[in-house]
Protein chains: 2
Amino acid sequence: MEGTSAAEGGRLGDDLSFLIARANALSISAANAVLKPLDLNVRSYALLALVAGEDPAPTQREIAAFLRLDPSQVVGLVDALEGRGLIERLPDPRDRRARTVTATAAGRTLAGEARAAALEAERTLHPTLTPSERETLIALLRRVAFAD
Amino acid sequence: MEGTSAAEGGRLGDDLSFLIARANALSISAANAVLKPLDLNVRSYALLALVAGEDPAPTQREIAAFLRLDPSQVVGLVDALEGRGLIERLPDPRDRRARTVTATAAGRTLAGEARAAALEAERTLHPTLTPSERETLIALLRRVAFAD
DNA sequence: TATTGTTATACTCTATAACTATA
DNA sequence: TATAGTTATAGAGTATAACAATA
(Lines give C-alpha, C1' and ligand atoms only; values in the text may rest on other atoms or scores of the structure.)
Protein backbone atom coordinates (compact mmCIF):
# COMPACT_ATOMS: atom_id res chain seq x y z
CA MET A 1 0.00 0.00 0.00
CA GLU A 2 2.64 2.50 -1.03
CA GLY A 3 4.01 4.22 -4.12
CA THR A 4 1.82 4.14 -7.20
CA SER A 5 -0.24 1.39 -5.69
CA ALA A 6 -1.28 3.52 -2.74
CA ALA A 7 -2.71 6.23 -4.96
CA GLU A 8 -4.69 3.84 -7.15
CA GLY A 9 -5.44 0.82 -4.98
CA GLY A 10 -4.09 -1.72 -7.43
CA ARG A 11 -6.64 -2.91 -9.96
CA LEU A 12 -9.43 -1.25 -8.05
CA GLY A 13 -8.21 2.14 -9.28
CA ASP A 14 -9.17 1.15 -12.82
CA ASP A 15 -12.67 0.16 -11.76
CA LEU A 16 -15.12 2.79 -12.95
CA SER A 17 -17.75 1.72 -10.42
CA PHE A 18 -15.29 2.08 -7.58
CA LEU A 19 -14.10 5.48 -8.75
CA ILE A 20 -17.70 6.69 -8.99
CA ALA A 21 -18.39 5.40 -5.48
CA ARG A 22 -15.31 7.07 -3.98
CA ALA A 23 -15.90 10.34 -5.82
CA ASN A 24 -19.48 10.26 -4.57
CA ALA A 25 -18.42 9.74 -0.97
CA LEU A 26 -16.09 12.75 -1.18
CA SER A 27 -18.72 14.77 -3.00
CA ILE A 28 -21.45 14.08 -0.43
CA SER A 29 -19.16 15.06 2.45
CA ALA A 30 -18.16 18.32 0.79
CA ALA A 31 -21.70 19.21 -0.29
CA ASN A 32 -23.33 18.39 3.05
CA ALA A 33 -20.77 20.57 4.81
CA VAL A 34 -21.58 23.70 2.78
CA LEU A 35 -25.34 22.98 2.71
CA LYS A 36 -25.64 22.57 6.48
CA PRO A 37 -25.77 26.33 7.19
CA LEU A 38 -28.76 26.47 4.82
CA ASP A 39 -30.46 23.59 6.68
CA LEU A 40 -30.21 21.40 3.60
CA ASN A 41 -28.41 18.20 2.74
CA VAL A 42 -27.63 16.63 -0.62
CA ARG A 43 -31.06 15.01 -0.87
CA SER A 44 -33.23 17.96 0.08
CA TYR A 45 -31.02 20.22 -2.04
CA ALA A 46 -31.40 17.98 -5.07
CA LEU A 47 -35.17 17.94 -4.71
CA LEU A 48 -35.39 21.70 -4.17
CA ALA A 49 -33.07 22.44 -7.09
CA LEU A 50 -35.04 20.10 -9.31
CA VAL A 51 -38.47 21.60 -8.67
CA ALA A 52 -37.02 25.13 -8.76
CA GLY A 53 -35.64 24.47 -12.23
CA GLU A 54 -38.51 22.54 -13.78
CA ASP A 55 -41.39 23.95 -15.75
CA PRO A 56 -43.95 22.46 -15.85
CA ALA A 57 -43.85 21.33 -12.24
CA PRO A 58 -42.98 17.62 -11.88
CA THR A 59 -45.15 15.16 -9.99
CA GLN A 60 -43.75 13.32 -6.98
CA ARG A 61 -43.49 10.21 -9.14
CA GLU A 62 -41.34 12.02 -11.68
CA ILE A 63 -39.18 13.46 -8.92
CA ALA A 64 -38.66 9.97 -7.51
CA ALA A 65 -37.61 8.58 -10.88
CA PHE A 66 -35.24 11.45 -11.58
CA LEU A 67 -33.56 11.42 -8.19
CA ARG A 68 -33.47 7.62 -8.07
CA LEU A 69 -35.52 7.56 -4.89
CA ASP A 70 -38.46 5.42 -3.95
CA PRO A 71 -41.74 7.38 -4.16
CA SER A 72 -42.22 6.73 -0.44
CA GLN A 73 -38.97 8.54 0.32
CA VAL A 74 -40.09 11.58 -1.62
CA VAL A 75 -43.05 12.00 0.74
CA GLY A 76 -40.87 12.81 3.73
CA LEU A 77 -38.54 15.09 1.80
CA VAL A 78 -41.45 17.04 0.35
CA ASP A 79 -43.12 17.20 3.79
CA ALA A 80 -40.03 18.75 5.32
CA LEU A 81 -39.44 21.35 2.61
CA GLU A 82 -43.14 22.17 2.40
CA GLY A 83 -43.21 22.69 6.18
CA ARG A 84 -40.51 25.32 5.74
CA GLY A 85 -42.48 27.10 3.04
CA LEU A 86 -39.90 26.38 0.35
CA ILE A 87 -42.08 24.23 -1.91
CA GLU A 88 -45.76 23.42 -2.19
CA ARG A 89 -47.88 20.54 -3.41
CA LEU A 90 -50.48 21.45 -6.02
CA PRO A 91 -53.14 19.20 -7.53
CA ASP A 92 -52.27 17.97 -11.00
CA PRO A 93 -55.08 19.22 -13.26
CA ARG A 94 -54.59 16.26 -15.57
CA ASP A 95 -54.66 13.50 -12.93
CA ARG A 96 -56.46 13.87 -9.63
CA ARG A 97 -54.32 11.13 -8.09
CA ALA A 98 -51.10 13.06 -8.69
CA ARG A 99 -49.61 16.10 -6.98
CA THR A 100 -47.15 18.41 -8.65
CA VAL A 101 -44.43 20.07 -6.61
CA THR A 102 -43.45 23.71 -7.15
CA ALA A 103 -40.88 25.95 -5.47
CA THR A 104 -42.16 29.05 -3.70
CA ALA A 105 -40.40 32.39 -4.07
CA ALA A 106 -38.50 31.64 -0.85
CA GLY A 107 -37.65 28.21 -2.21
CA ARG A 108 -36.26 29.60 -5.45
CA THR A 109 -34.14 32.07 -3.51
CA LEU A 110 -32.72 29.38 -1.27
CA ALA A 111 -32.20 27.08 -4.25
CA GLY A 112 -30.05 29.76 -5.83
CA GLU A 113 -27.92 30.19 -2.71
CA ALA A 114 -27.62 26.44 -2.28
CA ARG A 115 -26.60 25.97 -5.88
CA ALA A 116 -23.82 28.53 -5.49
CA ALA A 117 -22.64 26.78 -2.32
CA ALA A 118 -22.77 23.37 -4.00
CA LEU A 119 -20.76 24.60 -6.98
CA GLU A 120 -18.18 26.07 -4.63
CA ALA A 121 -17.92 22.75 -2.79
CA GLU A 122 -17.57 20.97 -6.10
CA ARG A 123 -14.62 23.12 -7.03
CA THR A 124 -12.77 22.18 -3.85
CA LEU A 125 -13.38 18.58 -4.86
CA HIS A 126 -11.29 18.82 -8.02
CA PRO A 127 -9.00 21.80 -7.63
CA THR A 128 -6.85 20.83 -10.62
CA LEU A 129 -9.52 20.18 -13.24
CA THR A 130 -9.60 22.79 -16.01
CA PRO A 131 -13.00 24.14 -17.12
CA SER A 132 -12.68 22.17 -20.32
CA GLU A 133 -11.82 18.96 -18.47
CA ARG A 134 -14.79 19.55 -16.19
CA GLU A 135 -17.09 19.90 -19.20
CA THR A 136 -15.75 16.67 -20.68
CA LEU A 137 -16.25 14.87 -17.38
CA ILE A 138 -19.82 16.15 -17.07
CA ALA A 139 -20.69 15.16 -20.63
CA LEU A 140 -19.35 11.62 -20.20
CA LEU A 141 -20.84 11.19 -16.76
CA ARG A 142 -24.23 12.35 -18.01
CA ARG A 143 -24.24 9.45 -20.47
CA VAL A 144 -23.64 7.05 -17.57
CA ALA A 145 -26.15 8.71 -15.26
CA PHE A 146 -28.86 8.85 -17.93
CA ALA A 147 -28.20 5.69 -19.89
CA ASP A 148 -31.75 4.47 -19.41
CA MET B 1 -40.51 17.70 -16.96
CA GLU B 2 -40.54 16.83 -20.65
CA GLY B 3 -38.40 17.29 -23.75
CA THR B 4 -34.77 18.19 -23.14
CA SER B 5 -35.57 19.20 -19.61
CA ALA B 6 -36.78 15.72 -18.70
CA ALA B 7 -33.51 14.13 -19.77
CA GLU B 8 -31.31 16.56 -17.88
CA GLY B 9 -33.40 17.84 -15.01
CA GLY B 10 -32.90 21.50 -15.74
CA ARG B 11 -29.81 22.99 -14.13
CA LEU B 12 -29.34 19.93 -12.00
CA GLY B 13 -28.13 18.03 -15.05
CA ASP B 14 -25.09 20.31 -15.16
CA ASP B 15 -24.25 19.64 -11.54
CA LEU B 16 -21.25 17.35 -11.32
CA SER B 17 -22.08 16.26 -7.79
CA PHE B 18 -25.59 15.29 -8.82
CA LEU B 19 -24.38 13.37 -11.86
CA ILE B 20 -21.89 11.48 -9.71
CA ALA B 21 -24.64 10.65 -7.20
CA ARG B 22 -27.03 9.41 -9.87
CA ALA B 23 -24.36 7.41 -11.69
CA ASN B 24 -23.40 5.88 -8.36
CA ALA B 25 -26.97 4.85 -7.58
CA LEU B 26 -27.24 3.10 -10.95
CA SER B 27 -23.80 1.58 -10.55
CA ILE B 28 -24.51 0.15 -7.10
CA SER B 29 -27.76 -1.44 -8.29
CA ALA B 30 -26.09 -3.04 -11.29
CA ALA B 31 -23.05 -4.24 -9.34
CA ASN B 32 -25.00 -5.65 -6.40
CA ALA B 33 -27.18 -7.62 -8.80
CA VAL B 34 -24.27 -9.43 -10.44
CA LEU B 35 -22.34 -9.84 -7.16
CA LYS B 36 -25.26 -11.42 -5.30
CA PRO B 37 -24.69 -14.94 -6.75
CA LEU B 38 -21.14 -14.72 -5.34
CA ASP B 39 -22.49 -13.70 -1.91
CA LEU B 40 -20.82 -10.32 -2.21
CA ASN B 41 -22.03 -6.75 -2.42
CA VAL B 42 -20.25 -3.60 -3.54
CA ARG B 43 -18.66 -3.05 -0.13
CA SER B 44 -17.39 -6.56 0.53
CA TYR B 45 -16.27 -6.79 -3.10
CA ALA B 46 -14.30 -3.57 -2.86
CA LEU B 47 -12.55 -4.75 0.28
CA LEU B 48 -11.79 -8.19 -1.16
CA ALA B 49 -10.54 -6.73 -4.44
CA LEU B 50 -8.38 -4.24 -2.58
CA VAL B 51 -6.58 -6.75 -0.37
CA ALA B 52 -6.30 -9.23 -3.25
CA GLY B 53 -4.51 -6.61 -5.32
CA GLU B 54 -2.27 -5.05 -2.70
CA ASP B 55 1.25 -6.02 -1.85
CA PRO B 56 2.31 -5.45 0.87
CA ALA B 57 -0.93 -6.25 2.69
CA PRO B 58 -2.73 -3.13 3.94
CA THR B 59 -3.74 -2.60 7.56
CA GLN B 60 -7.38 -2.17 8.48
CA ARG B 61 -6.72 1.53 8.97
CA GLU B 62 -5.36 1.86 5.44
CA ILE B 63 -8.32 -0.07 4.07
CA ALA B 64 -10.71 2.27 5.85
CA ALA B 65 -9.01 5.35 4.43
CA PHE B 66 -8.94 3.98 0.91
CA LEU B 67 -12.54 2.79 0.86
CA ARG B 68 -13.77 5.92 2.66
CA LEU B 69 -15.18 3.85 5.51
CA ASP B 70 -14.91 4.37 9.22
CA PRO B 71 -12.40 1.95 10.80
CA SER B 72 -15.23 0.55 12.90
CA GLN B 73 -17.11 -0.45 9.75
CA VAL B 74 -14.11 -2.33 8.43
CA VAL B 75 -14.23 -4.63 11.46
CA GLY B 76 -17.56 -6.16 10.45
CA LEU B 77 -16.64 -6.48 6.80
CA VAL B 78 -13.36 -8.20 7.62
CA ASP B 79 -15.11 -10.46 10.14
CA ALA B 80 -17.58 -11.65 7.51
CA LEU B 81 -15.02 -12.32 4.77
CA GLU B 82 -12.60 -13.92 7.22
CA GLY B 83 -15.38 -16.21 8.45
CA ARG B 84 -15.77 -17.44 4.88
CA GLY B 85 -12.06 -18.15 4.54
CA LEU B 86 -11.57 -15.50 1.85
CA ILE B 87 -9.20 -13.22 3.75
CA GLU B 88 -7.18 -13.41 6.95
CA ARG B 89 -5.88 -11.03 9.57
CA LEU B 90 -2.15 -11.21 10.21
CA PRO B 91 -0.13 -9.35 12.84
CA ASP B 92 1.78 -6.40 11.44
CA PRO B 93 5.45 -7.12 12.20
CA ARG B 94 6.17 -3.37 12.37
CA ASP B 95 3.33 -2.41 14.72
CA ARG B 96 1.83 -4.81 17.21
CA ARG B 97 -1.35 -2.70 17.44
CA ALA B 98 -2.11 -3.13 13.75
CA ARG B 99 -3.39 -6.09 11.75
CA THR B 100 -2.76 -6.50 8.06
CA VAL B 101 -5.39 -8.12 5.86
CA THR B 102 -4.48 -10.60 3.12
CA ALA B 103 -6.56 -12.57 0.65
CA THR B 104 -6.38 -16.36 0.83
CA ALA B 105 -6.09 -18.46 -2.33
CA ALA B 106 -9.88 -18.89 -2.26
CA GLY B 107 -10.24 -15.15 -1.79
CA ARG B 108 -8.07 -14.34 -4.77
CA THR B 109 -10.05 -16.76 -6.92
CA LEU B 110 -13.36 -15.23 -5.89
CA ALA B 111 -11.95 -11.72 -6.32
CA GLY B 112 -11.14 -12.58 -9.93
CA GLU B 113 -14.64 -13.87 -10.63
CA ALA B 114 -16.18 -10.89 -8.88
CA ARG B 115 -14.05 -8.48 -10.84
CA ALA B 116 -15.17 -10.02 -14.13
CA ALA B 117 -18.80 -9.78 -13.01
CA ALA B 118 -18.36 -6.17 -11.90
CA LEU B 119 -16.78 -5.19 -15.21
CA GLU B 120 -19.63 -6.84 -17.06
CA ALA B 121 -22.16 -4.92 -14.97
CA GLU B 122 -20.24 -1.74 -15.63
CA ARG B 123 -20.55 -2.27 -19.38
CA THR B 124 -24.34 -2.51 -19.16
CA LEU B 125 -24.20 0.81 -17.32
CA HIS B 126 -22.78 2.73 -20.28
CA PRO B 127 -23.54 0.68 -23.40
CA THR B 128 -22.61 3.53 -25.76
CA LEU B 129 -19.26 4.62 -24.30
CA THR B 130 -16.33 3.79 -26.55
CA PRO B 131 -13.20 2.26 -24.95
CA SER B 132 -11.40 5.55 -25.47
CA GLU B 133 -14.23 7.55 -23.88
CA ARG B 134 -14.24 5.12 -20.98
CA GLU B 135 -10.51 5.65 -20.46
CA THR B 136 -10.98 9.42 -20.50
CA LEU B 137 -13.80 9.17 -17.98
CA ILE B 138 -11.73 6.97 -15.69
CA ALA B 139 -8.72 9.28 -15.86
CA LEU B 140 -10.78 12.38 -15.03
CA LEU B 141 -12.79 10.64 -12.35
CA ARG B 142 -9.64 9.36 -10.71
CA ARG B 143 -8.49 12.93 -10.22
CA VAL B 144 -11.76 13.70 -8.45
CA ALA B 145 -11.75 10.50 -6.40
CA PHE B 146 -8.13 10.93 -5.31
CA ALA B 147 -7.82 14.68 -5.07
CA ASP B 148 -6.61 14.48 -1.48
C1' DT C 1 -0.24 11.46 24.70
C1' DA C 2 -1.56 9.48 20.40
C1' DT C 3 -3.00 5.54 17.58
C1' DT C 4 -5.05 0.60 16.22
C1' DG C 5 -8.63 -2.24 16.46
C1' DT C 6 -12.83 -2.96 18.65
C1' DT C 7 -17.59 -2.42 20.71
C1' DA C 8 -21.74 0.08 21.33
C1' DT C 9 -25.18 3.32 20.00
C1' DA C 10 -27.87 6.23 17.32
C1' DC C 11 -28.93 8.18 13.08
C1' DT C 12 -29.68 8.29 8.03
C1' DC C 13 -30.65 5.96 3.96
C1' DT C 14 -32.82 2.22 1.33
C1' DA C 15 -36.07 -1.52 0.12
C1' DT C 16 -40.53 -3.67 0.52
C1' DA C 17 -45.22 -4.29 1.25
C1' DA C 18 -49.73 -2.67 2.00
C1' DC C 19 -53.49 0.82 1.99
C1' DT C 20 -56.70 4.75 -0.33
C1' DA C 21 -58.18 7.24 -3.99
C1' DT C 22 -58.25 7.64 -8.37
C1' DA C 23 -57.52 6.02 -13.43
C1' DT D 1 -56.62 -3.98 -13.14
C1' DA D 2 -53.17 -0.55 -12.72
C1' DT D 3 -51.17 3.77 -10.88
C1' DA D 4 -50.17 8.06 -7.44
C1' DG D 5 -49.37 9.16 -3.01
C1' DT D 6 -48.98 7.58 1.58
C1' DT D 7 -47.83 4.84 5.77
C1' DA D 8 -45.29 1.42 8.25
C1' DT D 9 -41.42 -1.43 9.05
C1' DA D 10 -37.15 -3.61 8.68
C1' DG D 11 -32.59 -3.66 6.89
C1' DA D 12 -28.32 -1.55 5.22
C1' DG D 13 -25.19 2.07 5.56
C1' DT D 14 -22.95 5.95 8.26
C1' DA D 15 -21.21 8.76 12.21
C1' DT D 16 -19.65 9.20 16.88
C1' DA D 17 -17.83 8.13 21.19
C1' DA D 18 -15.49 5.21 24.29
C1' DC D 19 -12.32 1.35 25.68
C1' DA D 20 -7.88 -1.88 25.93
C1' DA D 21 -3.47 -2.67 23.97
C1' DT D 22 0.39 -0.63 22.10
C1' DA D 23 3.26 3.22 20.24
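Please read these numbers as outputs of a predicted model, since none were measured by experiment. So that the names make sense, note that chain A is the first sequence line, chain B the second, and so on, each numbered from 1. As a basis for the values below, the full set of heavy atoms in this structure was taken, side chains included, without hydrogen atoms, waters or symmetry mates.
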Expressed in angstrom and rounded to an integer, what is the separation of B:Leu35 atom CG from D:dA12 atom P?
16 Å
Rounding to a whole Å, what distance do you find between A:Tyr45:OH and C:dC13:P?
16 Å
Report yes if a donor N or O on one partner sits less than 3.5 Å from an acceptor N or O on the other, where the partners are the side chain of A:Arg97 and the base of D:dT3; otherwise report no.
yes
May I have the distance from A:Leu47 (atom CG) to C:dC13 (atom P), rounded to whole angstrom?
13 Å
Can you measure B:Lys36 atom NZ to C:dA15 atom P for me and round it to whole angstrom units?
12 Å
Nearest whole Å is fine: how far is C:dT4 P from B:Arg89 CZ?
16 Å
Under 4.0 Å, heavy atoms only, any strand: does A:Arg61 hit a base, just the sugar-phosphate, or nothing?
base
Residue-phosphate contact under 4.0 Å: B:Arg96 side-chain N/O, D:dA23 OP1/OP2:
yes
Between A:Ala98 and A:Asp79, the residue closer to the 5' end of DNA chain D by nearest nucleotide is A:Ala98
Of D:dT22, D:dG13, D:dA4, the nucleotide closest to the side chain of B:Asp95 is D:dT22
Taken to the nearest whole Å, CG/B:Asn32 to P/D:dG11 is 17 Å
Using atom CD1 of A:Ile63 as one end and atom P of D:dT6 as the other, report the distance to the nearest whole Å.
11 Å
Return yes if the base of D:dT16 and the side-chain atoms of B:Ser72 contain a donor-acceptor N/O pair under 3.5 Å, otherwise no.
yes
Looking only at side-chain atoms of B:Arg43, point me to the closest of D:dG13, D:dT6, C:dA23.
D:dG13
Among the candidates C:dT6, C:dA15, D:dA15, find the nucleotide nearest to the side-chain atoms of B:Gln73.
D:dA15
Here the distance between atom P of D:dA12 and atom CG of B:Leu69, to the nearest Å, is 16 Å
Mind running side-chain hydrogen bond (donor to acceptor under 3.5 Å, both in side chains) on A:Tyr45 and A:Asn32 for me, showing each step along the way?
CA-CA 9 Å; A:Tyr45 161 63; A:Asn32 275 339; over 6 Å; no
Side-chain atoms of A:Asp70 come closest, of C:dT16, C:dG5, C:dC13, to C:dT16
Checking A:Arg22 against B:Phe66: charged group under 6.0 Å from the ring centre and within 45 degrees of the axis?
yes
Base, sugar-phosphate alone, or nothing: which one does B:Asp92 contact when heavy atoms must sit under 4.0 Å apart?
nothing
May I ask whether A:Phe146 and A:Leu69 are part of the same hydrophobic cluster, defined by side-chain heavy atoms of I, L, V, M, F, W, Y residues being less than 4.5 angstrom apart, directly or through others?
yes
Output the single nucleotide from D:dT6, C:dT7, D:dA4 whose closest atom is nearest the side chain of B:Val75.
C:dT7
